[in-house]
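What follows is one structure encoded as structure tokens, with my remarks underneath.
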Amino acid sequence: MSLQVKELWSMILDSIGDWTRKYYSENITPELDGKEVTLFGWVQEIRDLGGIRFIILQDREGTIQVTIPRKKVSPEVLSKSEALQKRYSIGVKGIIKKTIMTPRGVEVIPNQIKILGGATAQLPIDITGNTPANIDVRLDSRALDLCIEPNTTIFKIQHHALEAIRSFLFERGFLEVHTPRIIASASEGGSALFNVDYFGRKAFLAQSPQLYKEQLVMSLEKVFEVGPFFRAEESHTRRHLSEFVSIDIEQAFADAKVVMHLLEQLMQHTCKIVKETCAKELATLNHEIVVPNLPFKRLTYDEVLNDLKEEGITLPWGDDIPTQAFRTLGRIHPYFYYITEWPTESKVFYIKPRTDKPEICEGFDLMWGWMELVSGGTRIAKKELLVKRLRENGLNQESFKYHLEAFDYGMPPHAGWAIGLERLTMMLTGRKNIREVTLYPRDRFRLTP
RNA sequence: GCCCUGGUAGUAUAGUCCGGUCUAGUAUAAGCGGCUGUCGCCCGCUCGACCCGGGUUCAAAUCCCGGCCAGGGCGCCA
């Protein structure tokens, strides 16, 4: 087939007409032998042996072989099949045929082929997976990159994890809420904010729903939110993004112990559900999920310092733990573990100091090896204490005016946590770069696509 | 922001240490031709690259300087 004719085909596209799809590729089984089926998808591969041509049709759920024996199909089917190229979007109506010639035991012999979308011949990345592209090249052509099976698989797993998390929280009486992404005050904490021009006023992108979810426990009692947040940090690591998705909960009449128990149950549940529902996807990624036993190991901050000391890393009491030390810690404790009893000064202002020992707080981190997956704690519910902690952290009380006011109207004791969804996905898929588990990652250097 | 490493066809790499048959190798993709059971199809032919700028030198993909970009690490990170 000449180049000109191929170009013509890619310009004159068929209409979808009244074709509808009942079966995805993976639903085509040998038991359906003899049935007519309508398939939609993309040309993943063409193997032309001369007298017989094999088209691998890919859709969201997998692939199916469309077989075109030259002498047994209509001239229309033959010429359409000759015009096909990789990534063309097509419709195929044909007869399902049981066969011993394919690994799946089934193939489709087309009666009609529709070309529904064209594609350039030389694709920017190799979609067969023979020559894998580097992450930077992949992200530049992300729409195409996501057509490669293992890459999509990550987001199927993420979807099922999120579904498991939502239903777990719904069952326990949590209400899903939505708090503002555009906020007025820059003074919530330490990390840097993105500026927004809000009708001429200075505004910022939210870095957390923290203050809002705390206010909501006064009315809705148990809330959660799943949504993106923004941090203008200079971080350039495999586990940081400028825009990330946080799964936040906050619960009234609860303390750290209660929400830690909830969290470990949620983690176990999520691992279990994903392991069960995504067996195929996990096999594609060559990754195994170990469903954790409960309760999770609980290490105090002091125990962590001791562990590190035995490894030759001595840290002064009161400091946060540097990355290098976390990596060492991750080697000693490779799975889930909590770090509790942090020094109050190492945690953010709204974490409640212990009544008996104010230098230690009721904050906790859930670790996965060396990576911080979740952080949370009991919150300060008493206004005077919160004001004191704000002052100690050098924060401007005036910019917390509205938040502090809420504490005059019956703030209950409460606690909560926040999971980094992308980090959770890294854990569930065994990927080592957060950008791989983000559809369109935003980091210090990448703003497109 | 700092440190390290790197930038060679559409993609992935070899070559760079120690400048010279490098007229830049290989795989894959793409183009053309052939093939009736492929499934990383196969066979033949073809196309296609040294990040940008400056310098050293008889000679630069290779050495030096500057820039841009990327990867990794650190710091930062409620």
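Everything quoted here is computed from the prediction, not taken from an experiment. Naming convention: chains lettered A, B, ... in sequence-line order (proteins, then strands); numbering from 1 in each chain. Scope of the values below: all heavy atoms of this structure, side chains included, with no hydrogens, waters or symmetry mates.
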Exercise. Looking at B:rA12, B:rA29, B:rG37, which one has an atom nearest to any side-chain atom of A:A133?
Worked result: B:rA12
Problem set entry | Nearest-Å distance once atom P is located in both B:rC74 and B:rA12 | 25 Å
For this session: Name the closest nucleotide to the A:R444 side chain, picking from B:rG1, B:rA30, B:rC76.
Result: B:rG1
For this session: Would you mind telling me which of B:rA78, B:rG31, B:rU38 lies closest to the side-chain atoms of A:Q210?
Result: B:rA78
Exercise. What pairs of residues pass the ring pair (Phe, Tyr, Trp, His ring centres under 6.0 Å) test when at least one of them lies in residues 364-383 of chain A, not counting sequence neighbours?
Worked result: A:Y335-A:W368, A:F336-A:W368, A:Y338-A:F364
Exercise. Given side chains that start at C-beta, do those of A:Y212 and A:E225 come closer than 4.5 Å, heavy atoms only?
Worked result: no
Seminar exercise, completed: Out of B:rA30, B:rC41, B:rC76, minimum distance to the side chain of A:Q122 belongs to B:rA30
Exercise. When Watson-Crick pairs (N1 to N3 and N6-O4 or O6-N4) and G-U wobble pairs (N1-O2 and O6-N3) count only below 3.5 Å on both distances, what is the dot-bracket string of RNA chain B, with | for other-strand pairs?
Worked result: (((((((..((((......[....)))).(((((.......)))))....(((((..]....))))))))))))....
Exercise. Which letter, B, S or -, goes with each nucleotide of nucleotides 3-8 of chain B from 5' to 3', with contact meaning a protein heavy atom under 4.0 Å?
Worked result: ------
Problem set entry | Pair A:D248-A:S246, side-chain donor/acceptor within less than 3.5 Å | yes
Exercise. What's the CG-P distance between A:L447 and B:rC69, to the nearest Å?
Worked result: 14 Å
Problem set entry | Closest listed nucleotide, where the reference is the side chain of A:S235 and the choices are B:rG37, B:rC76, B:rA12 | B:rC76
For this session: Say whether A:T67 and A:E107, considering side chains only, have a donor N or O and an acceptor N or O under 3.5 Å apart.
Result: yes
Problem set entry | Minimum-distance nucleotide to A:T323 side chain [options: B:rC74, B:rA78, B:rA12] | B:rC74
For this session: Check whether any side-chain N or O of A:N393 sits under 3.5 Å from a backbone N or O of A:R389 as a donor-acceptor pair, and report yes or no.
Result: yes
Exercise. Hey, is the main chain of A:K257 close enough, under 3.5 Å, to the side chain of A:D255 for a donor-acceptor pair?
Worked result: yes
For this session: Side chain of A:N134 only, please: which of B:rU13, B:rU38, B:rG1 is the nearest?
Result: B:rU13
Exercise. Between A:S25 (side chain) and A:T63 (backbone), is there a donor-acceptor pair under 3.5 Å?
Worked result: yes
Seminar exercise, completed: Testing B:rU13, B:rA78, B:rC76 for proximity to the side chain of A:R239, the answer is B:rC76
Problem set entry | Side chain of A:Y350 (C-beta onward), nearest among B:rC76, B:rG37, B:rA78 | B:rA78
For this session: For the residue pair A:Y301 and A:W342, categorise the inter-ring angle as parallel (less than 30°), tilted (30 to 60°) or perpendicular (more than 60°).
Result: tilted
For this session: Output yes when A:R446 and A:D140 qualify as a salt bridge under the 4.0 Å nitrogen-oxygen rule, no when they do not.
Result: yes
Seminar exercise, completed: With the side chain defined as heavy atoms from C-beta on, A:I135 is closest, among B:rA78, B:rG71, B:rC41, to B:rG71
